[in-house]
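Here is the structure we will look at, set down as structure tokens.
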Amino acid sequence: MKTEGTLLLRRSEVEQLLTLPECIDAVEEAFRMQGEGKVPPAGILGVKAPGGGLHIKAALLPHDRTYLVAKLNTNFPRNRTAVALPTIQGLILLCDGENGSPLAVLDSIDITIKRTAAASAVAAKYLARPNSSTAAICGCGQQAAAQLRALCAVLPLRKIYVFDLDQAAAQNFAIKLSNELELEIEPVRDLGPALQHSAVFVTCTTATEFFVRKEEVVPGTFIAAVGADDTHKQEIDPALMASAKVVADSLEQSCTIGDTHHAIAQGLMRKEDVYAELSEIVAGRKQGRSSDDEIIVFDSTGVAIEDAVAAVAVYEKAARARSGARFDFAA
Ligand SMILES: NC(=O)c1ccc[n+]([C@@H]2O[C@H](COP(=O)([O-])OP(=O)(O)OC[C@H]3O[C@@H](n4cnc5c(N)ncnc54)[C@H](O)[C@@H]3O)[C@@H](O)[C@H]2O)c1
């Protein structure tokens with residue numbers, strides 16, 4: 001049977017086709033479907049390389065039409081300084097879920113950024129105090145701007161503290177985002193005092209040792225712990241993980257590659273101590289925040305269903321608009 005060929009979409013095309021608000025809605029819906037038991041378990045595979053590695057996250061997405069989606073991302077944290085390339089690069093393959101036909105190949109950079117930020121926003125919507133007006137962001141790389149834009153979509157933020165080991169990165173972030181979002185953004189040299197005033201805290205660094213200490217975090221804080229998405233990465237004090245209410249994007253992944261896994265390895269937590277998966281809260285099966293004093297950590301490791309819904313949204317828009325090039329791999 002002759003097909004139309006596979007749609008090829010480069011980063012700039014993906015960027016134009018997927019807005020952050022659309023991505024937040026799609027990711028929330030994905031978590032709801034998962035919480036309602038409508039999505040089968042995803043597949044994940046990781047391979048280490050000197051200085052980095054590759055992971056594959058794959059999911060079946062029941063939709064108007066069923067899709068099979070696999071994201072293949074490489075992650076090389078020294079890229080930015082060593083070779084002026086992004087830390088994360090990769091591709092997404094989107095196939096027909098009924099006959100396996102390869103429908104599209106998309107650059108993954110923009111989808112990874114937006115779907116990760118969208119997951120933090122969905123978590124913040126259910127787990128942060130709704131009147132949160134202050135936030136701190138640690139790590140001003142690729143993730144940070146989307147994280148802040150996404151949080152602004154769900155919370156009435158006014159004042160933001162930003163910190164990065166690379167002070168210029170924090171300064172540039174503050175200048176760019178304060179103009180764009182009309183917020184007061186203050187680069188800080190010490191995270192501790194900023195945390196005393198922050199209702200929301202996003203960690204999106206490539207750190208391999210925790211830098212957030214339990215004593216520094218005040219009651220009521222919502223933390224989106226985004227950076228630790230592999231066994232060697234860590235951002236949050238295991239003692240803080242053990243004392244906080246922990247919500248995982250995926251229980252299995254958080255307990256094997258997220259900040260939760262370090263607390264478990266130290267004997268401070270058990271898998272059963274994780275309060276919930278985000279999907280259970282979005283689907284209304286478990287309560288989110290139950291008091292203004294709770295410290296809640298969203299342990300974000302990145303789940304395949306987030307990539308799947310974002311890639312499908314891009315593909316369906318592109319197909320309707322007849323944009324992108326087509327390539328017949330099977331010719
Ligand atoms: N949870 C998820 O779904 C998900 C998705 C995408 C990326 N990530 C992870 O998030 C992290 C950030 O990704 P990115 O693409 O923004 O990376 P990036 O390399 O573009 O930015 C990382 C920033 O963190 C800073 N940094 C590193 N260690 C720090 C420390 N101890 N304190 C303060 N700043 C520090 C760096 O200077 C850099 O500016 C990576 O570890 C990445 O793997 C997670």
Side-chain angles (χ1 to χ4, degrees), residues 23 27 30-31 42 44 46 48 51-55 57 71 73-90 108-123 136-148 150 161-174 187-192 194-195 201-213 216 223-237 247-250 253-254 256-261 278 297-308 310:
C23 191
V27 166
F31 279 115
I44 179 165
K48 302 262 190 226
L54 164 80
H55 68 239
K57 291 178 176 164
K71 183 173 85 171
N73 261 8
T74 56
N75 194 314
F76 284 76
R78 287 194 294 274
N79 264 7
R80 272 170 25 121
T81 44
V83 285
L85 282 172
T87 299
I88 299 175
Q89 304 167 91
S108 72
I109 291 179
D110 190 63
I111 285 181
T112 299
I113 292 171
K114 284 185 181 143
R115 65 74 148 144
T116 308
S120 295
V122 173
I137 295 181
C138 186
C140 297
Q142 288 273 359
Q143 266 301 317
Q147 291 282 333
L148 182 54
Y161 303 95
V162 289
F163 175 82
D164 197 293
L165 289 181
D166 173 0
Q167 282 177 23
Q171 298 279 0
N172 292 338
F173 178 90
V188 294
R189 284 170 183 255
D190 186 0
L191 200 52
L195 291 184
F201 181 31
V202 180
T203 59
C204 46
T205 74
T206 45
T208 52
E209 283 173 21
F210 73 84
F211 51 81
V212 186
R213 285 182 291 118
E216 291 174 321
I223 302 175
V226 173
D229 59 353
D230 204 345
T231 47
H232 62 288
K233 296 193 194 163
Q234 185 182 26
E235 296 183 304
I236 315 289
D237 187 346
V247 175
D249 56 0
S250 151
Q253 285 182 207
S254 293
T256 49
I257 59 172
D259 271 296
T260 304
H261 111 271
L278 183 59
V297 180
F298 172 53
D299 193 357
S300 165
T301 55
V303 289
I305 192 80
E306 297 165 354
D307 297 308

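Order of listing sets the numbers, starting from 1, for every ligand and every atom in it. Keep in mind that what you see is a predicted model, and the values were worked out from it rather than measured.
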Heavy atoms only: which of N73, V303, V226 is nearest to atom 44 (C) of ligand 1?
-> V226

Note the single closest protein heavy atom to atom 20 (O) of ligand 1, along with its residue, its atom name and the distance in Å.
-> Q142 N, 2.9 Å

Under 3.5 Å, is there a donor-acceptor pair linking the side chains of S108 and N73?
-> yes

Give the atoms of ligand 1, by number and element, whose distance to some non-hydrogen atom of G302 is under 4.0 Å.
-> 1 (N), 2 (C), 3 (O)

Any side-chain donor near an acceptor of the partner, T87 and N75, under 3.5 Å | no

Within the side chain of E235, is there an N or O that forms a donor-acceptor pair under 3.5 Å with the backbone of G227?
-> yes

Side chain, backbone, both or neither: the part of R80 lying under 4.0 Å from ligand 1 by heavy atom = side chain

Polar-atom distance check: E306 versus ligand 1, any N or O pair below 3.5 Å?
-> no

Check whether any N or O atom of G227, backbone or side chain, sits under 3.5 Å from an N or O atom of ligand 1, and answer yes or no.
-> yes

Without swapping roles, check the side chain of Q253 against the backbone of S250 for a donor-acceptor pair under 3.5 Å.
-> no

Which one of D307, T87, T208, T205 has a non-hydrogen atom at the shortest distance from atom 40 (C) of ligand 1?
-> T205

Would you give the length of the straight line joining atom NZ of K114 to atom CD1 of I109, rounded to the nearest 0.5 angstrom?
-> 12.0 Å

What part of C138, side chain from CB on, backbone N/CA/C/O, both or neither, has a heavy atom under 4.0 Å from ligand 1?
-> side chain

NZ/NE/NH1/NH2 to OD/OE distance under 4.0 Å, K48 and D230 | yes

For atom 23 (C) of ligand 1, closest protein heavy-atom neighbour | D164 OD2, 3.7 Å

From V162, D230, V212, L165 - option closest to atom 33 (C) of ligand 1 by heavy atom = L165

Taking T203 for its side chain and C138 for its backbone only, find out whether a donor-acceptor pair lies under 3.5 Å.
-> no

Proximal candidate to atom 31 (N) of ligand 1 [heavy atom criterion; set A207, A117, C204, A225] | A207

When you measure from the side chain of N79 to the backbone N and O of P86, does any donor-acceptor pair fall under 3.5 Å?
-> yes

Mode of S300 contact toward ligand 1 - side chain, backbone, both, neither (heavy atoms, under 4.0 Å) | both

Test item: D164 side-chain N/O and C140 main-chain N/O as donor-acceptor pair under 3.5 Å = yes

Rounded to the nearest 0.5 Å, the OG1 atom of T205 sits from the CZ atom of F211 at a distance of 4.0 Å

Give yes if a backbone or side-chain nitrogen or oxygen of N75 is under 3.5 Å from a nitrogen or oxygen of ligand 1, and no if not.
-> yes

Return the residue, atom name and 0.1 Å-rounded distance of the protein heavy atom closest to atom 21 (O) of ligand 1.
-> G141 CA, 3.2 Å

Are the charged groups of D307 and R115 less than 4.0 angstrom apart, N to O?
-> yes

Kindly identify the option in T81, I109, I88, T206 whose heavy atom sits closest to atom 7 (C) of ligand 1.
-> I88

Considering only heavy atoms of T112, which atoms of ligand 1 have at least one such atom less than 4.0 Å away?
-> 6 (C)

Atom 2 (C) of ligand 1 [closest protein heavy-atom partner, distance rounded to 0.1 Å] | T116 CG2, 3.5 Å

Between R115 and ligand 1, which residue portion shows a heavy-atom distance shorter than 4.0 Å: side chain, backbone, both, or neither?
-> side chain

